[in-house]
Every structure is written in structure tokens, then in C-alpha cells.
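Written below as C-alpha cells is the structure these notes are about.
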Amino acid sequence: MPTQLVKVDEWNDLREPLGCMPKLNGHQQGWLRAIEHGLGHKPLLLAHKNHAGIIDGLLPLMHVKSILFGKFLTSLPYINTGGLWCDDVAVGTALIDHACLLAEQLNVRYLELRHESLFSHSKLNAQRTDKVHMRLALPSDDATFETSMKSKLRSQVKKSHQQGLSVEFGQMELLADFYRVFSINMRDLGTPVFPQRLFSEILKAFSQDAELCVVRFQQQAVAAALLIHAGGITEVPSASTLRKFNHLSANMFMYRNLLRRGIERGSHTFDFGRSSKESGTFKFKAQWGAEPHPAIWQYYLRKGNVDDMSASSPRREKLIELWKRLPLVIANTLGPPVVRGIP
């Protein structure tokens with residue numbers, strides 16, 4: 001049967017695909033809803049039915065209209081995963097055929113599929129593999145994880161617990177503290193900040209499976225993170241620390257508590273997110289025992305080139321240096337309408 005375009009509000013009417021691989025966290029329905037309402041993008045969910053009329057493949061897409069980068073289709077923005085959900089090549093091909101047709105009809109610059117394995121299709125004419133997912137297999141109890149840490153890491157963690165830091169987990173009541181830390185850190189990195197509404201929508205969409213972590217020093221929030229627990233995976237889509245408190249090892253303290261939280265929630269995997277190979281963040285995650293997994297972002301490129309989507313492109317580098325110099329109130333005002341359209 002042909003691929004169908006399904007409205008997001010019909011998602012609950014779809015039966016679980018038969019024989020499909022388990023959903024990645026990027027295929028949770030909550031992401032489509034949170035990104036739609038939090039960033040204002042139009043969701044387009046492609047579904048494929050077999051001859052019995054049963055859904056056997058999905059491809060969630062977001063139609064993004066950017067001030068700086070034009071129009072594009074992505075699966076999925078903000079998070080690191082998405083792309084095809086199926087286990088049959090013919091089904092995947094049909095879904096991508098339809099997505100490419102949509103790209104042409106909407107006249108977007110490109111279609112971006114955030115895959116973890118290469119899918120062969122004649123129209124997927126570019127790819128990026130410069131980053132990897134960093135993931136750690138979690139034991140069933142925290143004591144086992146504690147004993148698994150290498151001596152150098154254990155010493156660093158112990159030092160961080162001697163700095164007078166405290167940790168708190170919660171939801172909407174911690175949103176203001178989380179967002180202040182996050183927005184300051186993003187400005188300091190030269191990156192436009194996501195709107196606070198995105199995080200409130202994520203908390204609403206995932207309910208008890210989403211929570212915020214805030215680390216304090218003398219009552220002040222100095223580090224913060226967003227956690228999603230779903231499908232046996234705990235992931236951290238956003239995490240930040242204030243640079244002026246780096247001497248307290250607040251980031252080390254926070255991640256030890258995030259890992260403990262994932263174990264408490266019964267997760268078998270902790271997803272640290274993507275990192276450039278051998279970068280500082282890559283090494284930070286690797287010291288906890290995280291292993292690299294492929295991040296293969298494939299494109300149907302219609303205009304421009306794949307390097308335009310890299311943060312290291314000359315155009316992006318100039319914007320980053322300019323953004324670092326903005327006062328926080330201006331960065332937080334200008335950031336949300338700009339970042340919603342950054343690939």
C-alpha cells in the first residue's frame with residue numbers, strides 16, 4: 001500500500017507496527033508534540049501500511065522555516081535521532097520516496113534524516129558522520145556502577161562532593177532555575193538559546209518520564225540538565241554549567257547524580273548525546289565509560305552543500321563570535337526566533 005501522510009493528532013489511532021524494531025527515543029510521540037508547540041514547526045508524520053492495512057513503518061518530519069538558513073525538512077530538530085522506523089528495506093524506500101517528494105513540493109533546501117545506520121537510497125546524496133552518539137550501559141544498581149569507576153574518575157567525583165554542592169530533581173518548579181543556567185551557558189558558547197517554552201512543552205509531553213536536575217552552591221543554581229527516561233534509556237538532551245563555577249567541579253557532581261538517577265529509574269542505557277570525535281566533550285563522556293555509536297545523518301540535498309549545516313562553517317563561526325558578546329537580556333530575546341531555524 002502507498003505511504004500515507006498522517007496528522008499528528010491521529011498518532012494515537014495508529015496501531016503498533018508489526019515486526020518493527022523498538023523505537024528510539026526520537027520516535028516517541030512526545031517529541032513531535034513538544035517540538036511542534038515549543039518551536040512552532042509543522043509536523044508531518046509519514047506512515048506506511050502493509051497489505052493488511054497495518055502500519056509497518058513511520059517517518060516523523062518537521063517542516064522548518066528559517067530566517068538564516070531557508071526551509072528544510074528534518075527528522076528531528078533539537079534531538080539527535082529520528083529518521084526511519086521500520087525493518088524492511090522496501091518500506092524504508094517508500095517512506096523516503098514520499099519524503100523526497102514532499103521536499104520538492106515544499107521547495108526546501110534539503111531533507112535531513114538523523115539515522116544511526118546507513119540507509120541506501122538513490123536520492124540521499126550527502127551525509128555527515130563527524131559526530132557520534134556517546135552511550136553507557138548501566139548496571140542494575142548504583143553500588144555496582146560505583147565500583148566500576150576507575151580510580152582517577154572516582155577521585156574526581158569524590159572531590160566534587162566536597163565542594164558544598166547540592167542536587168535537586170523536579171519538574172516545572174525548577175524550570176526557571178534550569179533555564180537561567182542554560183541560557184547563560186548558551187550565550188557564553190555563542191549559541192542562540194531555545195525558548196523556555198520548549199522545555200515546558202517537553203515536561204508536559206513526557207509527564208513523569210521527563211524531569212529537571214538543578215545543582216546549587218550556596219542556594220544559587222550553578223548547573224542544570226533535562227532528563228528523559230523512556231524505553232529503558234535515560235538521555236540528557238540539554239545540560240549546562242556556569243563557567244565561573246568550574247572550579248567546584250559542578251559538572252562532574254551533576255553527571256554522577258544524573259547517572260545515579262538513570263539507574264534508579266531502571267534504565268539499561270545512559271545516552272550522553274552526540275559529540276565530535278576526540279573533542280573535549282567526547283573525552284568527558286568517555287571517562288564515565290561511554291562508548292561511541294554511529295550518528296549517520298543523511299540528506300536529500302537540493303540546494304547548497306552539506307558543509308553549510310556544520311557549526312564549523314565560516315558563516316556560522318562569525319555568528320558564534322558575535323553572539324558571545326551580546327548582553328544576556330538581548331541574547332535571550334533574539335535567541336528563540338533565530339535558533340528555531342538553525343539546522
Side-chain angles (χ1 to χ4, degrees), residues 3-14 16-17 23-48 55 57-85 95-96 98-99 101-103 105-115 171-172 175 178-179 182-183 186 191-212 226-231 235-238 273 297 309 335-343:
T3 305
Q4 296 181 344
L5 185 61
V6 180
K7 294 180 181 178
V8 175
D9 58 9
E10 295 176 10
W11 183 302
N12 288 328
D13 296 330
L14 300 180
E16 282 289 308
K23 282 185 287 189
L24 297 168
N25 276 5
H27 291 113
Q28 299 291 332
Q29 180 187 3
W31 283 122
L32 278 183
R33 294 196 180 281
I35 294 169
E36 176 190 11
H37 298 301
L39 294 177
H41 299 323
K42 182 180 179 181
L44 301 166
L45 177 62
L46 300 181
H48 186 278
I55 298 292
L58 295 173
L59 176 54
L61 297 168
M62 283 286 173
H63 184 201
V64 180
K65 297 179 181 179
S66 170
I67 298 171
L68 297 175
F69 299 97
K71 297 185 296 182
F72 49 95
L73 287 172
T74 304
S75 179
L76 282 170
Y78 176 65
I79 59 176
N80 295 317
T81 57
L84 290 171
W85 179 32
L95 287 166
I96 294 179
H98 195 143
L101 180 61
L102 273 178
Q105 292 173 341
L106 296 170
N107 193 28
V108 298
R109 291 182 61 197
Y110 58 85
L111 163 70
E112 176 183 74
L113 303 176
R114 300 185 174 187
H115 288 153
Q171 294 184 305
M172 291 295 186
L175 183 57
F178 163 84
Y179 193 72
F182 181 72
S183 62
M186 291 298 100
T191 303
V193 68
F194 287 105
Q196 183 169 316
R197 181 177 178 182
L198 172 63
F199 301 104
S200 66
E201 292 293 339
I202 291 171
L203 292 172
K204 286 190 290 185
F206 285 92
S207 187
Q208 297 304 308
D209 289 334
E211 60 182 340
L212 299 172
L226 168 67
L227 282 171
I228 306 292
H229 312 281
E235 63 177 325
V236 187
S238 293
W297 290 17
M309 289 152 256
V338 171
V339 76
R340 67 177 298 278
I342 292 181

Between [atom1] on residue [X] and [atom2] on residue [Y], distance to nearest 0.5 Å:
X	Y	atom1	atom2	answer
Gln171	Leu227	CD	CG	11.0 Å
Glu36	Lys42	CD	NZ	10.0 Å
Leu59	Leu102	CG	CG	9.0 Å
Leu175	Leu226	CG	CG	10.0 Å
Glu112	Thr74	CD	OG1	4.5 Å
Lys71	Arg109	NZ	CZ	12.0 Å

Compare every heavy atom of [Y] with every heavy atom of [X], then report the nearest pair and how far apart it is.
X	Y	result
Val339	Pro192	CG2-O, 3.3 Å
Gly30	Ala205	O-CB, 3.5 Å
Ile35	Pro77	CD1-O, 3.2 Å
Ala47	Leu58	CB-CD2, 3.7 Å
Leu45	Pro60	CD1-CA, 3.8 Å

Note to self: Between Trp85 and Leu95, is the side chain to side chain contact (heavy atoms under 4.5 Å, CB included) condition met? List the steps.
What the structure shows: CA-CA 10 Å; Trp85 179 32; Leu95 287 166; over 6 Å; no
Item checked: Qualifying residues under side chain to side chain contact (heavy atoms under 4.5 Å, CB included), relative to Thr191, sequence neighbours excluded -> Met186, Leu189
Next item on the list: With sequence neighbours excluded, tell me which residues meet side chain to side chain contact (heavy atoms under 4.5 Å, CB included) with Leu101.
Entry: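 Counting only residues at least two positions away or on another chain, Leu101 forms a side chain to side chain contact (heavy atoms under 4.5 Å, CB included) with Glu104, Gln105.
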Margin query: I'd like to know whether NZ of Lys65 has more than 12 heavy-atom contacts from other residues, nucleotides or ligands below 6.0 angstrom.
Written below: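 For Lys65, atom NZ is not crowded (no more than 12 foreign heavy atoms under 6.0 Å).
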Next item on the list: With side chain to side chain contact (heavy atoms under 4.5 Å, CB included) as the test, would you mind laying out the steps for Val64 and Leu39 before giving the verdict?
Entry: CA-CA 9 Å; Val64 180; Leu39 294 177; over 6 Å; no
Could you tell me whether the side chain of [X] and the main chain of [Y] form a donor-acceptor pair under 3.5 Å?
X	Y	value
Ser75	Leu61	no
Arg114	Leu76	yes
Arg33	Lys204	no

Next item on the list: Could you check whether the rings of Phe178 and Phe182 sit parallel, tilted or perpendicular, using 30° and 60° as the cut-offs?
Entry: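 Parallel.
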Next item on the list: Classify the ring geometry between Phe199 and Phe194 as parallel (under 30°), tilted (30 to 60°) or perpendicular (over 60°).
Entry: perpendicular
Notebook entry, point to check: Residues two or more places apart in sequence or in another chain: which of them pass side chain to side chain donor-acceptor pair (under 3.5 Å) with Glu211?
Noted result: His229, Arg261
Next item on the list: Quick one: do Ile202 and Trp31 satisfy side chain to side chain contact (heavy atoms under 4.5 Å, CB included)? Show the steps, please.
Entry: CA-CA 7 Å; Ile202 291 171; Trp31 283 122; 3.6 Å; yes
Checklist line | Step-by-step side chain to side chain contact (heavy atoms under 4.5 Å, CB included) determination, Ile228 to Ile79 | finding: CA-CA 11 Å; Ile228 306 292; Ile79 59 176; over 6 Å; no
Item checked: Candidate list His48, His27, His115, test side chain to side chain contact (heavy atoms under 4.5 Å, CB included), partner Leu84, passing option -> His115
